[in-house]
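To start, the structure itself, in structure tokens.
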Amino acid sequence: MAKGLDCGTSYYIAATEDSIKKQRNAFLTVDGDIATVKRMLKRQKIPYVELKRPMKSGLLNPQEKDALPVLSTIINELLGKPKGKETCVYCVPSKPIDVDREVSYHEDVLGTIIEGAGYKAKKIEEAVAIGYEGLVDNNLTGIAISMGAGMCNIAVMYAGMTALSFSVSRGGDWVDQNTS
């Protein structure tokens with residue numbers, strides 16, 4: 001059975017045919033005696049890592065040195081162990097058209113983490129994935145838009161083929177920062 005993984009700036013969501021799991025994509029640093037804090041969290045069965053924000057603007061956060069281990073923890077917890085040689089299809093943003101940023105490093109890191117968990121990793125652009133689900137009644141023809149916390153992704157599809165796919169670098173976080 002295959003699994004799907006939506007790698008969002010705010011949440012990571014893993015889905016199978018039977019279930020959906022959601023995990024906040026953030027981590028906090030807790031002040032105080034670390035042994036006491038860990039013991040308290042364990043007693044209340046709260047999964048933890050020292051929390052901060054591993055992603056920013058839809059991609060890996062370059063200022064966060066702990067981004068990789070945190071994302072690895074989140075992904076491994078959501079996916080669990082594969083049953084045999086399972087495939088995990090994961091969403092990635094399209095290349096932004098309004099800033100000069102590459103998404104290939106982000107794609108590769110996620111793929112490496114997923115393969116390290118024992119899955120065969122296969123990427124798909126986020127808006128294209130939404131189009132495959134949301135445009136079924138229209139012969140997979142139309143426009144799919146994903147408005148996330150980090151980026152907005154857009155795909156124009158015709159009969160299941162992607163005619164155009166891109167992102168803009170300003171998502172929900174940018175809106176929040178500029179309206180508050």
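In this text, all values refer to a predicted model and were calculated from it rather than measured experimentally.
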Test of understanding: clusters of I, L, V, M, F, W, Y form through side-chain heavy atoms closer than 4.5 Å, transitively. Do [X] and [Y] belong to the same one?
X      : Y      : value
Val70  : Ile13  : no
Val92  : Ile74  : yes
Phe166 : Val156 : yes

Test of understanding: with side chain to side chain contact (heavy atoms under 4.5 Å, CB included), list the residues that count as partners of [X], not counting sequence neighbours.
X      : value
Gln177 : none
Glu115 : Ala121
Met147 : Ile145, Cys152

Partners passing side chain to side chain donor-acceptor pair (under 3.5 Å) against [X] (at least two apart in sequence or in another chain):
X      : value
Tyr12  : none
Asp98  : Ser169
Glu102 : Lys95
Thr16  : Ser19

Taking atom [atom1] of [X] and atom [atom2] of [Y], what is their separation to the nearest 0.5 Å?
X      : Y      : atom1 : atom2 : answer
Ile130 : Ile143 : CD1   : CD1   : 13.5 Å
Lys3   : Ile114 : NZ    : CD1   : 11.5 Å
Leu78  : Ile75  : CG    : CD1   : 8.0 Å
Lys83  : Tyr119 : NZ    : OH    : 7.0 Å
Ile154 : Ile97  : CD1   : CD1   : 7.0 Å

Residues clustered with [X], ILVMFWY side-chain links under 4.5 angstrom:
X      : answer
Tyr158 : Met161
Ile124 : Val89, Val128, Tyr132, Leu135, Val136, Leu140, Met157
Trp174 : Val175

Exercise. For the residue pair Ala144 and Ala127, what are the closest heavy atoms and their distance?
Worked result: CB-O, 3.2 Å
Seminar exercise, completed: Heavy-atom nearest pair, Pro82 first then Ala117, reads CD-O, 3.3 Å
Exercise. Would you say Met151 and Arg101 make side-chain contact, with heavy atoms under 4.5 Å?
Worked result: yes
For this session: Establish, from distance only, whether the side-chain atoms of Ser72 and Asn76 form a donor-acceptor pair under 3.5 Å.
Result: yes
Exercise. Counting only heavy atoms not in Ile20, do more than 12 fall under 6.0 Å of its CD1?
Worked result: no
Exercise. Heavy-atom count around Asp176 CG within 6.0 Å, excluding the residue itself: above 12?
Worked result: yes
Problem set entry | Residue pairs, two or more places apart or on separate chains, that pass salt bridge (charged side-chain N to carboxylate O under 4.0 Å, His left out) and touch residues 120-140 | Glu107-Lys123
For this session: Among Leu110, Asp6, Ile113, Leu79, find the residue that satisfies the side-chain contact (heavy atoms from CB on, under 4.5 Å) test when tested with Tyr90.
Result: Leu110
Seminar exercise, completed: Only residue of Val168, Leu59, Val103 satisfying side-chain contact (heavy atoms from CB on, under 4.5 Å) with Pro96 is Val103
For this session: Using modelled atom types only, decide if a donor and an acceptor are shared between the side chain of Ser167 and the backbone of Ser94 within a distance under 3.5 Å.
Result: yes
